[in-house]
Amino acid sequence: MPELPEVEVTRRGVAPHLEGRTVTAVTLRHTGLRWPFPADLGTTLVGHTIRSTGRRGKYLLVHFDHGTLLIHLGMSGHLRVLPPDTLPKKHDHFDMQVGDQVLRMSDPRRFGAVLWHASNEGVIDNHLLLRTLGVEPLEAQFDGQWLYKHTRGRTASIKQVLLAGDIVVGVGNIYASESLFRARINPRIAAHRIGLERYVRLAQTIREVLAEAIEQGGSTLKDFLAVNGQSGYFQQSYFVYARTGEPCRICKTPIRQIVQGQRSTFYCPNCQK
Ligand SMILES: [Zn+2]
């Protein structure tokens, strides 16, 4: 599943091919993904120039003067920039032709989304899907103090509070496990029991794991744009994620796997207290 780093690397990959260019055609090969495609999307976009791109959580934002196109990659979505005469494959459901290239979205499981938010509906941050999102983990507002302040009264485990996305957005299952390991915090501890000092450490490790993943993804950027490119999801070497029973890279204790909120959590019972 694409996580925040994949979405950010995708944004950086497609941005130079979109920004400042005008949409010349839109092709839909399905009625929709998770939700139906917006009615008359072609009429809405053709002839309009893309001003900039952005990201909020795992939503890729394509800004025009008259509104914003929101793209979510869902479970299996993938964007590529291709020559416009490239034949579509089975799961290529959405094309936006921009100048002499086409932005093509493939999404085999169709849990992704392509939505339109017109400027006259208000600022994009107030969009129904965006307004409940927590702060961006790579922005200055996010720090240990922020985590500490917003977890007072939260009795759920720190792992589940991170995944909930209402305090900080985009820390998915992999990065929650990895950042908690690096901060030496046991994922089962109730969020309100963790003190400021440990939250300062956790905010730092969250930033680190995400920044490293984005950097690593940057080196595989061409895959996003290649005709036969791979999905582009990053294969990092993890400390704990998916390493059940394997020795901890620090202390050799076997990595433990538990289930929290129906998601697997991986941790070292010795290093993480
Ligand atoms: Zn360990």
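These values consider heavy atoms only, across backbone and side chains, with no hydrogens, waters or symmetry-generated copies. Numbering of residues begins at 1 and proceeds along the displayed sequence. Atoms within a ligand are numbered from 1 in the order they appear, just like the ligands themselves.
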Please determine whether a side-chain nitrogen of the Lys or Arg among D107 and R34 lies less than 4.0 Å from a carboxylate oxygen of the Asp or Glu.
no

How about the Zn ion (ligand 1), which protein N, O or S atoms come within less than 2.8 Å?
C248 SG, C251 SG, C268 SG, C271 SG

Dump the intermediate steps for side chain to side chain contact (heavy atoms under 4.5 Å, CB included) on L162 and L180, then the final yes or no.
CA-CA 10 Å; L162 288 177; L180 285 166; 4.2 Å; yes

Taking atom CZ as the centre, does R29 end up with more than 12 heavy-atom neighbours from other residues, nucleotides or ligands that are less than 6.0 angstrom away?
yes

Using 30° and 60° as the class limits, which term best fits the ring planes of F64 and H66: parallel, tilted or perpendicular?
perpendicular

Can you tell me how far NE2 of H93 sits from OG of S106, rounded to the nearest 0.5 angstrom?
7.0 Å

Can you name the one residue among H63, H117, R51 that meets side-chain hydrogen bond (donor to acceptor under 3.5 Å, both in side chains) with T68?
H63

